[in-house]
Amino acid sequence: MPKTKRGRALWNMPSRGRGTCPVCANTRIKLLYPRTTSGGEAVKVCKRCSGAPQDKVDAVSG
Ligand SMILES: [Zn+2]
């Protein structure tokens, strides 16, 4: 399997896989980890927030 979270694979992604993490509000961080809120909304979070408690993710979608 190709590495999808590092290297050239990121260059093909929008903003090269980076953006503002909706959970920790870090800017220009890599958003490569999909989480789903309790409302069923899919959000991409950073590595730090990939292991965040569910209530942190739920707080994203007001
Ligand atoms: Zn984050």
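Please read all numbers here as calculations on a predicted model, not as lab measurements. When a ligand or atom number is given, it counts from 1 through the structure's own listing order. Atoms considered below: every heavy atom in the structure, side chains included; atoms not considered: hydrogens, waters and symmetry mates.
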Calculate, to the nearest 0.5 Å, the distance between atoms OG1 and CG belonging to Thr36 and Asp58 respectively. 10.0 Å
SG (Cys46) and CZ (Arg18) are apart, to the nearest 0.5 Å, by 11.0 Å
Gap separating the CD atom of Gln54 from the OG1 atom of Thr37, nearest 0.5 angstrom: 7.5 Å
Between CZ on residue Arg35 and NZ on residue Lys56, distance to nearest 0.5 Å: 12.0 Å
Here the gap from Leu31 atom CG to Ser15 atom OG, rounded to the nearest 0.5 Å, amounts to 9.0 Å
In Å, rounded to the nearest 0.5 Å, how long is the span from NZ of Lys47 to CG of Asn26? 14.0 Å
By residue and atom, what protein N/O/S atoms are less than 2.8 Å from the Zn ion (ligand 1)? Cys21 SG, Cys24 SG, Cys46 SG, Cys49 SG
